[in-house]
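Structure record follows, encoded as structure tokens.
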Amino acid sequence: MNNTIKQILGTALTQLGWDQHAPVIVTKTKNAEHGDFTSNIALVLSKHVGLPPMKIARKIHDAIIDSEVTRIEVAPPGFINFYIASDFTETIKKIINNDSDFFRPNIGENKAVYLEYVSANPTGPLHVGHGRSAAYGSSLAKILSSTGFKVHTEYYVNDAGLQIDVLTTSLWLRILGLTPPKGCYTGDYLVNLPTKPEWTTAVPQILESLLQKWNEETATDLTPKLIQLCKDALGKHYDEAKQWIVHEITTQIKQDLKQFGVEYDHWFHESSLLDNNELEPVLDLLSQQDVIYEKEGAQWFKSTKHGDEKDRVIKRSNGVWTYFATDLAYHHKKLSNPNTQVLDIFGADHHGYTPRIKSGIKALGHDEQNFKTILIQFANLYRGKTKISMSTRQGQFVTLENLYKEVGVDAARYFYCMRKSDQHLDFDLELAKQNNNKNPVYYIQYAHARIKSILAKNGQYIPSSKHFLHPSDTEVELLDALAEYPTVLIKTAQRSEVYQWTQYCYRIATHFHRYYNNTQILSDDSQERYHRLLICFLTAQCLSKALENLGINAPESM
RNA sequence: GCGCCUGUAGCUCAACUGGAUAGAGCAUCGGCCUUCUAAGCCGAGGGUUGUAGGUUCGAGUCCUACCAGGCGCGCCA
């Protein structure tokens, strides 16, 4: 319809000789008093043509040969408003037939999207901070799939690097019955694990003095010594213990996410890149581009060449690859197919990392258009008015598992997604648990349950567009909202803004509750009853599909 | 200190990316159940969009400065 109006305007402008100045923009109005569609073209042309906007608008108005449009009005300061007679029968048929143009509009055209999200280090259980990425990422995956993208989801497991050594060392200290010092992983989750007896070594003498020293000075550079001590003590069992604890924690994370409605196509291990020697070729490639140099025994990448604020080490002076090196190889691998879009969802604290990886991708010759990062701001957890601290260091954080067990998966997922991802989010545990109108999740689910209850009460109802009569005002509003389904879904997908979809779900629910209170669905008049049952049916269809895109249940009863 | 993000009703957030009278929910106050789920609906009050300039037909949205808050600035990941 939008394009039809553009064409109508276009021909009018050609006739007036004003078609060269600016592109015609037609938008949906927010206010019904302004018609259904509006164009600001007269305002834009004003300067070029040298006439006041209202005059231009009237000339355009007069030049339009009216066809599908029922009414055209000119409104100050110079808008041209179009009124369209709404016809819902097409929409109704599409919803009844579960039409894919309506519920799964294909804008992706099967383009591959690699979506990486959460990817928390396997050094402890997921906490509430990870929940937002999990809920957001998995919802986005569903939304992108619903719009014709071929989505491939991955969790990047950081199972190489220093932190894993710290983790292994922390485990070892726990096995010895000691409390790991700060800087190590001090959480209780490392206590009483079913470890192997051979990992219980004798406590080395220097260990105690080392720990003592640690508590006195606040030095952090004692970590390598501690790790070395652990390696020496465990000997050949060190790697075994390391792999075991990573596997143990990863398994736990996997289970947590699964219960939270999050599953991945692939769990990609950082260590596999090292095992398969995939880093040297990347370094060679970069060297050929002349963006690698040696300084103080380390290999540096000139990331400043493509916008980073300083150059980065890619291989340390001790010969060990940095995290950046493996991550770059990982992205290189994903981007090897030029028709693939790579999407990374980062915690907002990683925003400084983006220029670095972008720079690397450019240097490797990839199209930067194919790579995009989405930043997720932190969620502040509240219990009523009280803010709950989630400091990971002290190991006193609220785990994701505790959260969804307390408030439920549906409420948790909705709350995590209800705000713009790059905005801070206040997550109120008390509110998420409440079963009333304060809680948007229940409000939406209640609308669906109400419909199901009515349909059940009526007995069998087979929907048909033939049941549709002339709609009332509240019905028109509701149907307008339902008809928006594909448009809103496309917008949500294009902008990767999941919160738009949560708002859409809420909007459908609002219109339905209003309608329900205003209208007796199960009327004695059978024609009227079928018409109203049809509208209920359509609403339930849209609601359940919409909630599915967020991984939230549409309950039959509540 | 430098860089990125944010500042909108008492609170939490929108505003379709520069459009018309800045909108929702919560909280507050007032109405609606002998009828399909009141976990609902209807109504009222509440604003100098952090401050000061600028850009133009038109600014919450763009540019500059300042104020306030968050995050980042390792041969960590």
Side-chain angles (χ1 to χ4, degrees), chain A residues 25 27-31 33-34 38 40 42-47 52-54 75-79 81 119-121 123 158 160-164 166 220 223 270 295-300 309-310 312-318 320-324 326-327 347-355 375 377-378 380 382 385 418-420 422-426 428 431 434-447 449-458 487-488 491 495 497 499-500 503 506-507 509-510 512-523 529 532-533 536 557-558:
Chain A
I25 294 169
T27 49
K28 272 196 82 172
T29 56
K30 4 181 174 182
N31 190 335
E33 286 172 30
H34 302 141
T38 185
N40 63 350
L43 292 156
V44 178
L45 285 178
S46 173
K47 201 169 189 178
M54 282 301 281
F79 289 100
N81 297 333
S119 300
N121 298 331
T123 53
N158 300 134
L162 187 66
Q163 52 166 352
I164 298 302
V166 175
T220 47
T223 319
E270 182 186 7
K295 192 176 93 182
E296 293 161 6
Q299 301 284 320
W300 293 71
E309 56 186 15
K310 59 175 90 163
R312 310 289 172 175
V313 170
I314 200 158
K315 197 174 192 178
R316 299 185 184 93
S317 49
N318 63 7
V320 178
W321 297 100
T322 58
Y323 167 83
F324 172 57
T326 47
D327 199 32
D349 56 335
H350 279 59
H351 73 253
Y353 184 71
T354 309
L375 295 177
Q377 273 293 352
F378 290 118
N380 295 317
Y382 288 83
K385 297 261 179 198
M418 71 195 283
R419 301 293 178 223
K420 245 184 210 163
D422 58 0
Q423 295 283 354
H424 288 277
L425 167 77
D426 285 348
D428 185 346
L431 181 58
Q434 286 179 30
N435 296 352
N436 57 34
N437 61 350
K438 288 181 198 170
N439 187 335
V441 190
Y442 284 89
Y443 180 86
I444 297 165
Q445 291 185 319
Y446 184 47
R450 265 184 157 174
I451 295 170
K452 288 295 172 179
S453 162
I454 296 167
L455 291 172
K457 185 149 188 161
N458 178 73
T487 324
V488 179
K491 194 168 74 182
R495 299 184 187 176
E497 286 177 336
Y499 81 97
Q500 303 243 9
Q503 288 187 351
Y506 193 87
R507 192 155 74 241
T510 299
F512 178 75
H513 285 309
R514 193 173 295 162
Y515 174 53
Y516 177 91
N517 270 273
N518 172 285
T519 316
Q520 178 72 23
I521 309 296
L522 298 177
S523 162
R529 187 166 73 244
R532 290 171 186 172
L533 282 168
C536 288
S557 67
M558 287 170 79

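Fair warning: this is a prediction, and the values are worked out from it, not measured in the lab. Residue numbers start from 1 in every chain, and the chains themselves are labelled A, B, ... in the order their sequence lines are given, proteins ahead of strands.
The base of B:rC75 lies close enough to the side chain of A:S317 for a donor and an acceptor atom to sit less than 3.5 Å apart. For A:H351 against B:rG3, a side-chain N or O and a base N or O form a donor-acceptor pair under 3.5 Å. Taking only distance into account, the side chain of A:D349 never meets the base of B:rA77 through a donor-acceptor pair shorter than 3.5 Å. For A:T123 and B:rA77, a side-chain-to-base donor-acceptor distance below 3.5 Å is absent, hydrogens and geometry of angles not being considered.
Here A:R316 reaches the OP1 or OP2 of B:rA77: one of its side-chain N or O atoms lies under 4.0 Å away.
Take A:N121 and apply the side chain to side chain contact (heavy atoms under 4.5 Å, CB included) test, not counting sequence neighbours, and it matches A:T123, A:N158, A:Q163. With sequence neighbours excluded, the residues satisfying side chain to side chain contact (heavy atoms under 4.5 Å, CB included) with A:R507 are A:E484, A:V488, A:Y504, A:H511.
In this structure, A:H350 forms no aromatic stack with the base of B:rG72, since the conditions of centre separation below 5.5 Å and plane angle below 30° are not both met. A stacked arrangement is not assigned to A:F79 and the six-membered base ring of B:rG19, the conditions of a centre distance below 5.5 Å and an interplanar angle below 30° not being jointly met.
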Toss me the dot-bracket line for RNA chain B: Watson-Crick and G-U wobble, both under 3.5 Å, 5' to 3', using | for pairs to another strand and [ ] for crossers. (((((((..((((.....[...)))).(((((.......))))).....(((((..]....))))))))))))....
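For the pair A:F79/A:T29, no side-chain contact is recorded, criterion being any heavy-atom separation below 4.5 Å from C-beta on.
Within the nucleic acid shown, A:L162 comes within 4.0 Å of sugar-phosphate atoms alone, with no base atom in reach, counting heavy atoms only.
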